[in-house]
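Following: one structure in structure tokens, then a few remarks.
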There are 2 protein chains.
Amino acid sequence: MEFAEKVFFKYLKERGFYNTAQRRLVVQEFLRLEGHVCADELYRAVKKKHPRVGQTTVFRTVKLLKEAKLAAEVNFTGKRRRFEHEWGHRHHDHLICVGCGRTIEFANKQIEKIQQQVTGSMNFQPLHHRLEIFGHCLKCRKEKGE
Amino acid sequence: MEFAEKVFFKYLKERGFYNTAQRRLVVQEFLRLEGHVCADELYRAVKKKHPRVGQTTVFRTVKLLKEAKLAAEVNFTGKRRRFEHEWGHRHHDHLICVGCGRTIEFANKQIEKIQQQVTGSMNFQPLHHRLEIFGHCLKCRKEKGE
DNA sequence: TTTGAATATGAAAATGATTGTCATTTCCAT
DNA sequence: ATGGAAATGACAATCATTTTCATATTCAAA
Ligand SMILES: [Mn+2]
Ligand SMILES: [Mn+2]
Ligand SMILES: [Zn+2]
Ligand SMILES: [Zn+2]
């Protein structure tokens, strides 16, 4: 069992929630999937192997994964919510190509540092943030003829 | 007539779209309202004065306002989309208080500059971006007893 | 000014993601 | 083992937004 899964069920136990077969299936599938996945994709992936699991349960479990800090929510389009691995992963921000939809992850210490300065000077206590830069990736620029 | 409104109808004309009474009402009300407003709030504001305008038309017109760059979309919660004035306004980013929901606007040249460096080094052509920092505002921290 | 084809409108229905309900089932501390 | 708390899943409901479609309006050309 992955350590992240242990963390999840430890979190559940602390709250008096149960360790159920469905939750084990959902968390395992989530940890298996890479990238930015939405609840419904996760549902279909789980259902492929275990058709009796309900969509409602997957949505509810994803919410728990987020609360337990195994999953971080990302929402590039304003449409459906997506989730990525958070536990054991370093913070990063995103470049999003408006041409092909691909995302590129990056981290920049300087930006983070200046954010601290900005919030500090405004007496604002930061908890988390997101920086999303939309534009055209190299691949798309090449395809469109430089 | 505000200049921004002229810009809007110029944009429409360029596309072969019509200058209609409803669109005039919606753009005027949007320009009157400050802050981050959602389509439904705008609809209700318009309806108060002109009850025959339909919600569908307001939703459609907001989309046009965005295309014409009079409105910029912001989406802090992942729930409903909100829009703020863009035409004639300087770019800024947001601090969002998770306690009271208030937003604080800020602009930082250094962050913008480093973003240019980051995207440049990754061969990514930036079009626009958003930086949202979530946390606790001064007011909320004081209320909770330091 | 008419005219008519393109476009816009608005009520209602449809959509798509998510959440609520509730009868039934499962979990787990005792 | 068992009883009460919690979870499940089919289904309905919700919420913001989009689509549909019959009717009305706009505006360029005649
Ligand atoms: Mn990511
Ligand atoms: Mn703003
Ligand atoms: Zn691309
Ligand atoms: Zn606050």
Side-chain angles (χ1 to χ4, degrees), chain A residues 5-6 8-30 36-68 71 73-83, chain B residues 5-6 8-30 36-68 71 73-83:
Chain A
E5 192 182 339
K6 285 206 182 75
F8 182 51
F9 286 109
K10 180 166 173 290
Y11 169 86
L12 293 183
K13 184 149 224 175
E14 281 167 9
R15 318 243 145 176
F17 298 157
Y18 294 168
N19 181 330
T20 68
Q22 289 90 334
R23 285 174 178 165
R24 287 194 295 275
L25 293 170
V26 173
V27 66
Q28 283 165 15
E29 193 60 38
F30 173 71
H36 307 107
V37 69
C38 67
D40 194 61
E41 287 167 356
L42 182 53
Y43 164 60
R44 290 202 302 275
V46 170
K47 203 162 98 148
K48 202 168 282 176
K49 301 173 187 169
H50 303 273
R52 344 199 62 195
V53 175
Q55 194 193 32
T56 314
T57 297
V58 176
F59 271 84
R60 285 189 286 230
T61 305
V62 166
K63 187 182 283 186
L64 291 172
L65 288 171
K66 188 182 168 188
E67 288 170 20
E73 186 175 336
V74 294
N75 199 332
F76 303 138
T77 61
K79 296 275 176 185
R80 87 192 64 183
R81 297 166 176 193
R82 292 183 168 275
F83 300 86
Chain B
E5 193 182 338
K6 286 205 181 75
F8 182 51
F9 287 108
K10 181 167 173 289
Y11 170 86
L12 293 182
K13 183 149 225 177
E14 282 167 6
R15 317 244 145 175
F17 298 156
Y18 295 168
N19 181 332
T20 69
Q22 289 91 330
R23 283 174 179 167
R24 287 193 296 274
L25 293 170
V26 173
V27 66
Q28 282 164 17
E29 194 60 40
F30 173 70
H36 307 107
V37 70
C38 66
D40 194 61
E41 287 167 356
L42 182 53
Y43 164 61
R44 289 201 303 274
V46 170
K47 202 163 101 150
K48 203 168 281 177
K49 302 173 184 169
H50 303 273
R52 346 198 59 195
V53 176
Q55 194 194 32
T56 314
T57 297
V58 176
F59 271 86
R60 283 190 286 230
T61 305
V62 166
K63 188 182 282 185
L64 291 171
L65 288 171
K66 188 182 168 187
E67 287 171 21
E73 186 176 336
V74 293
N75 198 332
F76 302 139
T77 60
K79 295 277 176 184
R80 86 190 66 185
R81 296 167 176 192
R82 295 184 166 273
F83 300 87

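Chain A is the first sequence line, chain B the second, and so forth, proteins listed ahead of strands; every chain is numbered from 1.
Distance CD/B/Q28 to CZ/B/F8: 11.0 Å, rounded to 0.5 Å. For the atom pair CZ (B/R82) and OG1 (B/T77), the distance works out to 7.5 Å, reported to the nearest 0.5 Å. If you take CZ on B/F59 and OH on B/Y43, they are separated by 10.0 Å, rounding to the nearest 0.5 Å.
The stretch residues 42-50 of chain B has no heavy atom under 4.0 Å from DNA chain C, so no residue of it qualifies as close. Within residues 11-28 of chain A, the residues that have a heavy atom under 4.0 Å from DNA chain C are, in order of number, A/K13, A/Y18, A/N19.
Each end of the helix from C/dT1-D/dA30 to C/dT30-D/dA1 gets its own axis from five base pairs, and the two axes differ in direction by 30°, given to 10 degrees.
Shown are A/F30, A/F76, A/F83; of these, the ring pair (Phe, Tyr, Trp, His ring centres under 6.0 Å) with A/H36 is made only by A/F76. For the side chain to side chain contact (heavy atoms under 4.5 Å, CB included) test with B/R23, the passing option among B/T57, B/T61, B/V58 is B/T61; the others fail.
When the shell of 6.0 Å around NZ of A/K48 is examined, it contains 12 or fewer heavy atoms from other residues, nucleotides or ligands. In this structure, B/K10 places its NZ atom where only 12 or fewer heavy-atom neighbours from other residues, nucleotides or ligands lie under 6.0 Å away.
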Problem set entry | Chi angles and distances behind the side-chain contact (heavy atoms from CB on, under 4.5 Å) call for B/L12, B/L64 | CA-CA 8 Å; B/L12 293 182; B/L64 291 171; 4.1 Å; yes
For this session: Check the pair A/V53 / A/K47 against side-chain contact (heavy atoms from CB on, under 4.5 Å), numbers first and verdict last.
Result: CA-CA 6 Å; A/V53 175; A/K47 203 162 98 148; 6.0 Å; no
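For the pair B/V58 and A/K79, nearest-nucleotide mapping onto DNA chain C gives the more 5' position to B/V58. Nearest-nucleotide assignment on DNA chain D puts the 5′-proximal partner with B/R82, out of B/R60 and B/R82.
When all heavy atoms of B/V46 and B/V26 are compared, the closest pair comes out as CG2-CA, 4.1 Å.
Sorted by first and then second residue, the pairs that involve residues 59-68 of chain B and meet salt bridge (charged side-chain N to carboxylate O under 4.0 Å, His left out), not counting sequence neighbours, are B/K66-B/E73.
Side-chain contact between B/E29 and B/L42: present, with at least one pair of heavy atoms (C-beta onward) separated by less than 4.5 Å. A/Q22 places none of its side-chain heavy atoms less than 4.5 Å from the side chain of A/H50. B/D40 is listed as a side-chain neighbour of B/Q55, based on a closest heavy-atom distance under 4.5 Å.
Nucleotides of DNA chain D with any atom under 4.0 Å from a heavy atom of chain A span, from 5' to 3', D/dG4 to D/dC11. Taking the 5' to 3' direction, DNA chain C first and last meets chain B under 4.0 angstrom from a heavy atom at C/dA6 to C/dA12.
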